[in-house]
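What follows is one structure encoded as C-alpha cells, with my remarks underneath.
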Amino acid sequence: MEERRLGPVVGLGTWNTFDGDARLAREVVVAAFEAGVRLVDTSPMYHGAEGALGAALDGLREGRVVATKIWARSLEEGRSQFARQLEWFGGRVEIEQVHNLVLWREHVAWLEAEREAGRIGQLGVTHYQSSAFDELAVALRTGRFSVVQVPYNPWERECERLLLPLAQELGVAVIAMRPLGGSSEGRRRVELTRAQRDELDVESWPEALLRWVLSDERIDAVIPATSKPTRARENARAGELPVFTEEQRALVARLADARAGR
Ligand SMILES: NC(=O)c1ccc[n+]([C@@H]2O[C@H](COP(=O)([O-])OP(=O)(O)OC[C@H]3O[C@@H](n4cnc5c(N)ncnc54)[C@H](OP(=O)(O)O)[C@@H]3O)[C@@H](O)[C@H]2O)c1
C-alpha cells in the first residue's frame, strides 16, 4: 500500500498561471523544484496547464508527484482525459482527483482499476465550495479516496468544521487549495509592521499565509500558484520554516479579518 501522507509540504498550483505557455511553465517549475518542491497540482479545467506542465517536466519527472484531475461529464471523456495525462506525465499519475465531485460515483470504479494496474498512485476528490463539503464527506466515507482537496486560508475556514476532522479520522491526506486567498488580489496586500514581522518571524505576508495553513497539523500540502519564478522560490521556502504557535496563528487570523473589514 502506498504511503498516504504527503507532507506537510509546499507544492505548486497551476490554475490561471501557465495556461498554454510551456516556456513559462518550465521556468516556474524549474525554480520551484530547485527550491525543493516535489508536488504539482493541475487539471484538465486549467486552460492548457496540463499540457504545458507535461512539457515543463521533460527530464524532471522522476521523484515528482503529479496531482491532476478528471473533470468529465461522461466516462468516455474521463477516459480520454486520462489517456492524455498518461502521455503528458510519463505513463503515471501519482494523485488522480475527481474535480468538483463531477460524476464521482461513476468515475471512481474505472479509476480504481487504473490504480490497481499501477497507472495511478492515489485517488482523491476536490471541491472549491463549502456548500459541497457534505457531499465530499459522503465520498470520503466510502473509503475509496485517500486524498481530499479543499480551500483553506484565514478567510475560508469552513473545512475546519467537518472535513479536517473527518480526514484525520479516516487517515485521508488534505491538500489546501487557495492558500494565498485565491483570485482576490487584495487579500495578499497586507503590509506587516516591523513588530508583526518579528512576532511572526516572517519576511512577508504571503509567507505568513502559507505558514498559517501548514501550521494546522491536519494539512498535508499547500499548493500556491504563481506565474513568477521568484515567487515560486519564495513560496517553497515557507515549507522549510517552523510552524506557527497558536499565538502566531491567531495574529495572522486577526490581520486577515482586519483586511476583510471584519
Ligand atoms: N479543485 C479546485 O476546484 C481548485 C480551485 C481553485 C484552486 N485549485 C488549486 O489550488 C491552487 C492554488 O489556488 P489559486 O491559484 O486559486 O490561489 P492561490 O494560490 O491562493 O493564489 C494565487 C495567486 O497568488 C499570487 N501569488 C503567488 N505567490 C505569491 C507571492 N509569493 N506573493 C504575492 N502573490 C503571490 C499569484 O499571482 P502571480 O502569478 O502574479 O504570482 C496568483 O494570482 C490552484 O492553482 C489549483 O492548482 C483547485
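Below, each value reflects all heavy atoms present in this structure, side chains not excepted, and no hydrogens, waters or symmetry copies. As the structure lists them, so they are numbered: ligands from 1, and atoms in each ligand from 1.
- Under the 4.5 Å side-chain heavy-atom criterion for Ile, Leu, Val, Met, Phe, Trp and Tyr, V9 and V29 are members of distinct hydrophobic clusters.
- Ligand 1 places these atoms under 4.0 Å from at least one heavy atom of E234: 31 (N).
- Using a 4.5 Å cut-off on side-chain heavy atoms (C-beta onward), I175 and Q97 make contact.
- The CD atom of E112 sits 4.0 Å away from the CZ atom of R144 when rounded to the nearest 0.5 Å.
- Each of the atoms 19 (O), 20 (O) of ligand 1 lies under 4.0 Å from some heavy atom of P179.
- At the top of the distance list for atom 43 (O) of ligand 1, counting protein heavy atoms only, stands R188 NH2, 3.6 Å.
- Side-chain atoms of V93 and E114, non-hydrogen and from C-beta on, never get closer than 4.5 Å to each other.
- Inter-residue side-chain proximity for W88 and T42 is flagged as unmet; no heavy-atom pair is nearer than 4.5 Å.
- Residue nearest to atom 17 (O) of ligand 1, selected from G182, A232, S204: G182 (by heavy-atom distance).
- Looking only at heavy atoms of the protein, atom 37 (O) of ligand 1 is closest to R231 NH1, 3.7 Å.
- Between S183 and N16, the closest side-chain pair of non-hydrogen atoms is not below 4.5 Å.
- Atom CD of E76 has 12 or fewer heavy atoms from other residues, nucleotides or ligands within 6.0 Å.
- Residue S227 has at least one heavy-atom neighbour below 4.0 Å for each of these atoms of ligand 1: 38 (P), 39 (O), 40 (O), 41 (O).
- For atom 22 (C) of ligand 1, the closest non-hydrogen atom of the protein is A225 O, 3.4 Å.
- At least one heavy atom of K69 sits less than 4.0 Å from an atom of ligand 1.
- Residue-to-ligand polar distances place T126 within reach of ligand 1: an N/O pair is separated by less than 3.5 Å.
- Counting heavy atoms under 4.0 Å from ligand 1, residue Q149 touches it through the side chain alone.
- Ligand 1 has an N or O atom lying under 3.5 Å from an N or O atom of G181, backbone or side chain.
- Looking at T17, T230, T226 and measuring to atom 41 (O) of ligand 1, the nearest heavy atom belongs to T226.
- At the top of the distance list for atom 6 (C) of ligand 1, counting protein heavy atoms only, stands M177 SD, 3.6 Å.
- Annotation for ligand 1: atoms under 4.0 Å from non-hydrogen atoms of N100 are 3 (O).
- Checking side-chain atoms of R188 against main-chain N and O of W205 turns up no donor-acceptor pair under 3.5 Å.
- Contact atoms of ligand 1 toward W15: 15 (O), 16 (O), 44 (C), 45 (O), 46 (C) (distance under 4.0 Å to a heavy atom of the residue).
- Atom 46 (C) of ligand 1 has as its closest protein heavy atom Y46 OH, 3.3 Å.
- From the protein, the heavy atom lying nearest to atom 11 (C) of ligand 1 is I223 O, 3.2 Å.
- Counting all heavy atoms, side chain and backbone alike, R157 lies closest to R249 at NH2-NH1, 4.2 Å.
- Sequence neighbours left out, the pairs with a member in residues 150-199 that pass ring-ring contact (aromatic ring centres under 6.0 Å, His included) are Y152-W212.
- Not a single heavy atom of W205 sits closer than 4.0 Å to an atom of ligand 1.
- Ligand 1 has no N or O atom lying under 3.5 Å from any N or O atom of T42, backbone or side chain.
- You'll find the side chain of H99 reaches within 4.5 Å of the side chain of Y46, heavy atoms only.
- Considering backbone and side-chain N/O atoms, D41 comes within less than 3.5 Å of an N/O atom of ligand 1.
- Heavy atoms of S183 come nearer than 4.0 angstrom to ligand 1 in no pair at all.
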Could you list the donor-acceptor pairs under 3.5 angstrom formed between side-chain atoms of residues 127-134 and any protein atom two or more places apart in sequence or on another chain?
from : atom 1 : to   : atom 2 : distance (Å)
H127 : ND1    : Q129 : N      : 3.0

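- Neither the backbone nor the side chain of E207 comes within 4.0 Å of ligand 1, counting heavy atoms alone.
- For ligand 1 and P224, the ligand atoms under 4.0 Å from any heavy atom of the residue are 19 (O).
- Nearest protein heavy-atom neighbour of atom 31 (N) of ligand 1: N235 OD1, 2.9 Å.
- With a 4.5 Å cut-off on side-chain heavy atoms, R254 and D257 do not count as touching.
- Salt-bridge annotation for E77 and R73: absent, with no side-chain N of the basic residue lying under 4.0 Å from a carboxylate O of the acidic one.
- The minimum heavy-atom distance linking V10 with A238 is given by the pair CG2-C, 4.3 Å.
- Looking at atom 13 (O) of ligand 1, its nearest protein heavy atom turns out to be R178 N, 3.1 Å.
- At least one N or O atom of L180 sits closer than 3.5 Å to an N or O atom of ligand 1.
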